[in-house]
Protein chains: 2
Amino acid sequence: MPAIKATPSTRDRILDAALDLFVEEGFSGTTISEVERRVGLAAGTGSFYRHFSSKEALLRAAVEREVATRMAEIEHDRASLALPDDPRKQFSTIAEQTLRDLRRFDRLLRLMLTEGDRVPEIQDAMMTALPGWGAGSWADRPSTVVTIAALIGYHISDLVGGGVFKDVTQAAFIEALTALTHGTTQS
Amino acid sequence: MPAIKATPSTRDRILDAALDLFVEEGFSGTTISEVERRVGLAAGTGSFYRHFSSKEALLRAAVEREVATRMAEIEHDRASLALPDDPRKQFSTIAEQTLRDLRRFDRLLRLMLTEGDRVPEIQDAMMTALPGWGAGSWADRPSTVVTIAALIGYHISDLVGGGVFKDVTQAAFIEALTALTHGTTQS
DNA sequence: GTCTATAGGAAGATAGAC
DNA sequence: GTCTATCTTCCTATAGAC
């Protein structure tokens, strides 16, 4: 099983280009011609339709593949994540992992915001992916909700561009969050 | 100066309808015909063009008016906001106000995400509006950044629909946030 | 300021040759 | 599996009568 195919099929290259375009230009703003152009097919010829039955079918397939890819990555990350014993270090490790997870879902999050009506499956998929957050480590702690909200908020802000937290590094943010949830006096 | 005009001009009703549509369907997904239909003009006749020179001009005008409206609302709210003396109560009052502010910027936030390239002024406008957050009360406190991030995260999640915090009421969230930043032991 | 009519183009999609 | 050609529909935008 080759981890990376040297020559992705045209179908896969269409899915790549399409997801990029849907995220950047939105569904309506994306044209089949532009998709064809990006994968090296002659634009406006409808060669695309040998691979997908319609533009809507393309969106659903692109989302489906992206969900599968990102969830696999996240599960792999979690399996190989070593949790330190020290509670503070454990907390910041999980926080970092959560930010990584969020970044992986960026494009889907954006699609969820812009095309959520068109592909409700995105929302379902993300909701099934996210409950895994901090399971066993954070769950049932009173500060869990605030912590997750803070990580989402921090992440979203720099996704939005410019951002309120432009000058706050990830390390500094996690440090502040750790101090707040685990006491600031402890070394 | 009438606070609410009984009969808004056609121009204003176009701006209302247009903003709704741009937020819901995106710029490309919005048609002039649909705008005309919503304001009671015959669809597809181009009557719209007696009021605006192009679809792009309409977007800019709609954004401009929305920014002005929301910022005025926020300034008005702030001016009439009575801050309690008790630090905990003061904190939760400001937190509630911040959530209100965020809600007011929802539609602009969405447009910023989807049409940011087309109207870069949105980002500038929001960045000038937001530094006012918690000024004088929160600024320079170590937990400020985390607090704002948490409020943004909480808000975004229910904006996205479904949401991770569906079962967490605003009051409960602010309570948890207050406990975390002001100590849980104090009554 | 609204309608009729329409120009002019681009979009999604299909049929058929190669 | 890709291109030529084309159908049909929809869209932005304009000209001109009322």
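- The CD1 atom of A/I32 sits 9 Å away from the C1' atom of C/dA13 (whole-angstrom rounding).
- Between C/dT2 and B/T10, a contact under 4.0 Å exists linking OP1 or OP2 to a side-chain N or O.
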request  = Might you work through the salt bridge (charged side-chain N to carboxylate O under 4.0 Å, His left out) test for B/D77 and B/R104, ending with a clear yes or no?
outcome  = CA-CA 11 Å; B/D77 271 16; B/R104 290 219 159 94; 2.7 Å; yes
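- Distance CZ (A/R50) to C1' (C/dA17): 11 Å, rounded to an integer number of Å.
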task = Please assess B/R11 against B/F52 for the test side chain to side chain contact (heavy atoms under 4.5 Å, CB included), listing each intermediate value before the final yes or no.
result = CA-CA 8 Å; B/R11 189 175 195 278; B/F52 296 92; 3.5 Å; yes
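- C/dG12 atom P lies 15 Å from atom CZ of A/F52, rounded to whole Å.
- Between B/F48 atom CZ and D/dC11 atom C1' there is a gap of 13 Å when expressed in whole angstrom units.
- A sub-4.0 Å separation between OP1 or OP2 of C/dC3 and a side-chain N or O of B/S47 is present.
- Applying a 4.0 Å cut-off to non-hydrogen atoms, none of the residues of residues 13-31 of chain B approaches DNA chain C.
- Ring pair A/Y154/A/F165 is parallel by interplanar angle, where below 30° counts as parallel and above 60° as perpendicular.
- Without hydrogens or angle criteria, A/R88 side chain to A/G183 main chain gives a donor-acceptor distance under 3.5 Å.
- Exactly one residue among B/R38, B/R65, B/R107 makes a salt bridge (Lys or Arg N to Asp or Glu O under 4.0 Å) with B/D16. That residue is B/R65.
- The shortest non-hydrogen separation linking B/R100 to B/L81 is NH2-CD1, 4.4 Å.
- Atom pair B/K55:NZ and D/dC10:C1' shows a separation of 11 Å (rounding to whole Å applied).
- For B/T45, the listed nucleotide lying nearest its side chain is C/dT4; candidates were D/dT2, C/dT2, C/dT4.
- For the pair B/E34 (side chain) and B/L21 (backbone), a donor-acceptor distance under 3.5 Å is absent.
- Taking atom OH on B/Y49 and atom P on D/dA15, their separation rounds to 13 Å, with Å as the unit.
- Following rounding to the nearest Å, B/H51 (NE2) and C/dC3 (P) show an atom-to-atom distance of 10 Å.
- Spacing between atom CD of A/E36 and atom C1' of C/dG12 amounts to 10 Å, rounded to whole angstrom units.
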